[in-house]
Amino acid sequence: MTTVTSSTHQAPAPSSAAKLLKMAFDGGDMKLLRRETIARLQSSPLDAATLMNLCVVEQILGDQASGLERQSEALRLDRLYRSSWPASPQALRVLAFMTPGDLASNTPIDFLLQGSDSILYSLYVVPGEPLPDPLPDHDIAIVIAGESDEVRPVMTEIDRLIPTWPCAVLNRPGRVLRLSREEMYRVLESVPGLMMPATVRIGRDACEKLGRAATFPLIARTIGSHAGRGLAKLDDGEAMDRYLRDHPADAEFCISPYVDYRSSDGLFRKYRIVWVDGRPFPCHMAIGADWKMWYLNADMASSPAKRAEEEQFMSTFDDGFARRHAQALAVAVERFGLEYVGIDCAEMPDGRLLVFEGDIALVAHDMDPPDLYPYKGPQMRKLFTAFYDMLKRHAERQ
C-alpha cells in the first residue's frame with residue numbers, strides 16, 4: 001500500500017494548462033513564451049515544472065512530438081505535480097490519476113477547479129513504475145485519463161491501486177474504458193428515446209470488401225481520432241478506396257452508418273452535455289451547414305443569430321433540452337456509472353437524442369470572450385461549482 005502522509009517535499013507547480021490555453025486563445029505571443037521558457041530551462045535543465053510548461057506551450061504551437069518529449073523528460077524527474085493557483089489552508093485536496101499523453105488525453109481538470117479553493121495533485125501513472133512515496137495528504141481522488149487504446153495499461157494499473165487507496169476514487173477505470181465508440185453503442189443500445197449508430201472496428205482488408213458490398217453512406221474514422229481528424233463520410237465504394245489510400249499507415253478503422261441529423265432549416269446542430277454526479281449541464285451548442293462539425297469550425301463568433309440560439313439553449317437547458325430528453329439522459333448516465341462524463345449529441349427530427357461519442361476528457365472551458373458570449377461564463381461557472389461540490393461531497397462521506 002502506498003503511504004499517503006504529510007511531506008516536506010513540495011511537488012513541482014507548473015503553470016495551469018488552462019491558464020496557458022487561455023493565453024493562447026486570447027492571442028498571446030506563445031512563440032515568445034516558448035523562447036522564454038527554453039531560456040529558463042538552459043539555466044535549470046532539471047526543473048520539472050518548467051518542462052511541463054514547455055510541454056503545453058509546444059503543443060499549443062502545433063509541435064506535439066516536441067511537447068510530448070518535454071513531458072517525458074519531466075516525468076523522469078517527477079510524476080507528481082501541484083496546482084499553482086492560490087488556496088487556503090482549508091482547501092479541498094484533490095488527487096487526479098492521469099496518463100502521460102497530449103492535451104486531449106486527460107480531463108481538462110484545471111478549467112474545472114482553478115477558480116475554487118482547492119489544491120490539485122496531478123499524479124501521472126506509468127505501468128511498472130512505483131508511485132512517488134510518500135504521496136501528499138488528499139481528501140478525494142478521481143481518474144481523469146480519457147478512454148483510448150493507449151491508456152488501457154494505465155487503467156489496469158490504476159484499477160490495481162484502487163482497492164487499497166486511502167480515500168474514495170471517482171470515475172472507475174473499467175467504466176471509463178466502456179466509452180470507446182464500439183463499446184458505448186452496446187452500453188446505450190436500448191436506452192429509450194436515444195440512438196447511437198452501431199460502430200464496428202475492422203481492418204483494411206475488411207474495409208476493402210465492405211466497399212464492394214456495403215449500404216452507403218458510411219462514416220469512417222481512424223482509431224482514436226477526435227475533432228474531425230481521420231473522419232470522412234463515404235458515399236460509395238470508390239470513396240472507400242480513396243479513404244484507404246489517404247490513410248496508408250492505419251491498420252484498423254471505425255465504421256458506422258451515416259445519420260442525417262439536419263434540422264428543418266437544413267442546418268446541423270451539435271450539443272456537448274456533461275454530467276456531474278448524475279446531473280446534466282450544457283457546455284456548448286454548435287450550428288453549421290456541414291455534418292462534420294465541432295465548435296471550432298462552426299464559426300459561432302461571426303453569427304449573432306447562432307449565438308442567440310446557443311444562449312437560448314443554455315439559459316433554458318433545465319426546462320428545455322434536459323426536460324425533453326430527461327429519460328434518455330437519466331438512463332444513459334446510470335449505465336455509464338461515472339461521476340463525471342460527457343457526450344456530444346444532437347436532436348433527431350423525430351425527437352430522439354442522437355449520441356456521437358462520449359468521454360470523461362471532453363473539453364469544458366470558460367475561455368470564450370464575454371463580450372461575444374456573455375451567457376457562457378455564468379453557465380460554465382455553474383458546472384465548475386457543481387464539480388467542486390461533488391468532490392467535496394464525496395470526500396465528506398468517508
Side-chain angles (χ1 to χ4, degrees), residues 178-200 215-219 221 228 231 233 235 254-295 297-298 300 303 305-338 341-359 362 364 375-376 379 382-383 386:
R178 297 176 70 200
L179 298 176
S180 67
R181 283 191 173 91
E182 55 270 34
E183 179 65 20
M184 192 171 165
Y185 165 72
R186 291 188 283 270
V187 171
L188 299 180
E189 185 176 9
S190 60
V191 174
L194 182 149
M195 68 172 294
M196 183 174 185
T199 300
V200 295
T215 300
F216 291 93
L218 296 172
I219 298 297
R221 294 179 176 87
L231 173 66
K233 176 172 172 277
D235 292 315
C254 281
I255 304 293
S256 59
Y258 169 75
V259 177
D260 188 346
Y261 63 99
R262 276 176 291 190
S263 303
S264 58
D265 62 359
L267 296 177
F268 296 90
R269 289 167 172 82
K270 288 181 71 174
Y271 309 87
R272 176 159 293 176
I273 309 298
V274 167
W275 288 273
V276 179
D277 244 1
R279 180 185 172 187
F281 291 84
C283 286
H284 65 233
M285 172 188 189
I287 307 169
D290 191 344
W291 70 272
K292 189 167 69 171
M293 179 180 55
W294 54 102
Y295 204 82
N297 76 348
M300 300 290 287
S303 173
K306 289 182 181 180
R307 296 197 304 278
E309 187 173 341
E310 183 183 38
E311 179 178 12
Q312 178 74 5
F313 158 69
M314 298 187 83
S315 64
T316 65
F317 179 79
D318 290 340
D319 294 324
F321 188 99
R323 180 167 292 181
R324 289 196 300 277
H325 302 290
Q327 183 181 18
L329 292 171
V331 176
V333 74
E334 182 181 10
R335 292 192 182 180
F336 290 147
L338 293 161
V341 62
I343 57 170
D344 285 340
C345 59
E347 291 184 290
M348 291 293 290
D350 63 8
R352 286 179 295 171
L353 188 68
L354 171 66
V355 176
F356 300 108
E357 64 178 328
D359 203 353
L362 297 179
Y375 53 91
K376 272 198 168 181
Q379 292 294 331
K382 288 181 183 179
L383 168 62

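Everything numeric in this text was worked out from a predicted model, so none of it was measured.
The shortest side-chain heavy-atom distance between Val341 and Asp359 does not fall under the 4.5 Å cut-off. Within the 4.5 Å cutoff, the side chain of Arg335 has no heavy atoms near those of the Arg178 side chain. Taking 4.5 Å as the limit, every side-chain heavy atom of Asp290 sits out of range of all side-chain heavy atoms of Phe268. Tyr258 places none of its side-chain heavy atoms less than 4.5 Å from the side chain of Phe216. Contact check for Glu189 versus Met196: no side-chain heavy atoms found under the 4.5 Å cut-off. You'll find the side chain of Val259 reaches within 4.5 Å of the side chain of Met348, heavy atoms only. In this structure, the side chains of Phe313 and Glu309 stay at 4.5 Å or more apart for every pair of heavy atoms. For the pair Asp344 and Tyr271, the minimum side-chain heavy-atom distance is 4.5 Å or more.
Taking the side chain to side chain contact (heavy atoms under 4.5 Å, CB included) definition, one finds that Ser315 meets it with Gln312, sequence neighbours left out. Applying the salt bridge (charged side-chain N to carboxylate O under 4.0 Å, His left out) criterion to Lys376, with sequence neighbours excluded, gives Glu310, Asp368. With sequence neighbours left out, Ser264 forms a side-chain hydrogen bond (donor to acceptor under 3.5 Å, both in side chains) with no residue at all. With sequence neighbours left out, the ring pair (Phe, Tyr, Trp, His ring centres under 6.0 Å) criterion links Phe356 to Tyr261. With sequence neighbours left out, Lys233 forms a salt bridge (charged side-chain N to carboxylate O under 4.0 Å, His left out) with Asp235.
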Using distance only, find each side-chain donor-acceptor pair of residues 276-287 under 3.5 Å and give its atom names and separation, not counting sequence neighbours.
unit_1 : atom_1 : unit_2 : atom_2 : d
Asp277 : OD1    : His394 : NE2    : 3.1
Asp277 : OD2    : Arg393 : NH2    : 2.9
Asp277 : OD2    : His394 : NE2    : 3.1

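Taking CD1 from Ile255 and CD1 from Ile219, the interatomic distance works out to 9.0 Å, rounded to the nearest 0.5 Å. Atoms CG and CD1, from Leu362 and Ile343 in turn, are 9.0 Å apart once rounded to the nearest 0.5 Å.
Contact detail for Ala328 and Leu194: the closest heavy-atom pair is CB-CB, 4.1 Å. Shortest non-hydrogen contact noted between Met293 and Gly288 is SD-N, 3.1 Å. Closest of all the heavy-atom pairs between Leu383 and Ala364 is CD2-CB, 3.8 Å. Contact detail for Leu353 and His325: the closest heavy-atom pair is CB-ND1, 3.8 Å. Minimum interatomic distance between Cys345 and Phe321 (heavy atoms only, all atoms of both residues): SG-CZ, 4.1 Å.
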Handout entry: Worked check of side chain to side chain contact (heavy atoms under 4.5 Å, CB included) between Arg186 and Glu183
Key = CA-CA 5 Å; Arg186 291 188 283 270; Glu183 179 65 20; 2.9 Å; yes
Practice task
Start with the C-alpha distance between Arg181 and Ser256, add both sets of side-chain angles, then the distance that settles side chain to side chain contact (heavy atoms under 4.5 Å, CB included), and finish with yes or no.
Solution key: CA-CA 10 Å; Arg181 283 191 173 91; Ser256 59; over 6 Å; no
Exercise for the section: Decide yes or no on side chain to side chain contact (heavy atoms under 4.5 Å, CB included) for Thr199 and Met184, but give the supporting numbers first. Expected result: CA-CA 9 Å; Thr199 300; Met184 192 171 165; over 6 Å; no
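With salt bridges taken as basic N to acidic carboxylate O contacts below 4.0 Å, none links Arg352 and Glu347. Ion pairing between a basic and an acidic side chain is recognised when a charged N comes within 4.0 Å of a carboxylate O; Asp260 and Arg262 show such pairing.
Checking Thr316 against Arg323 by side-chain atom types alone, no donor-acceptor pair falls below 3.5 Å.
Listed for the Ser263 side chain is no donor-acceptor partner under 3.5 Å among the backbone atoms of Gly266.
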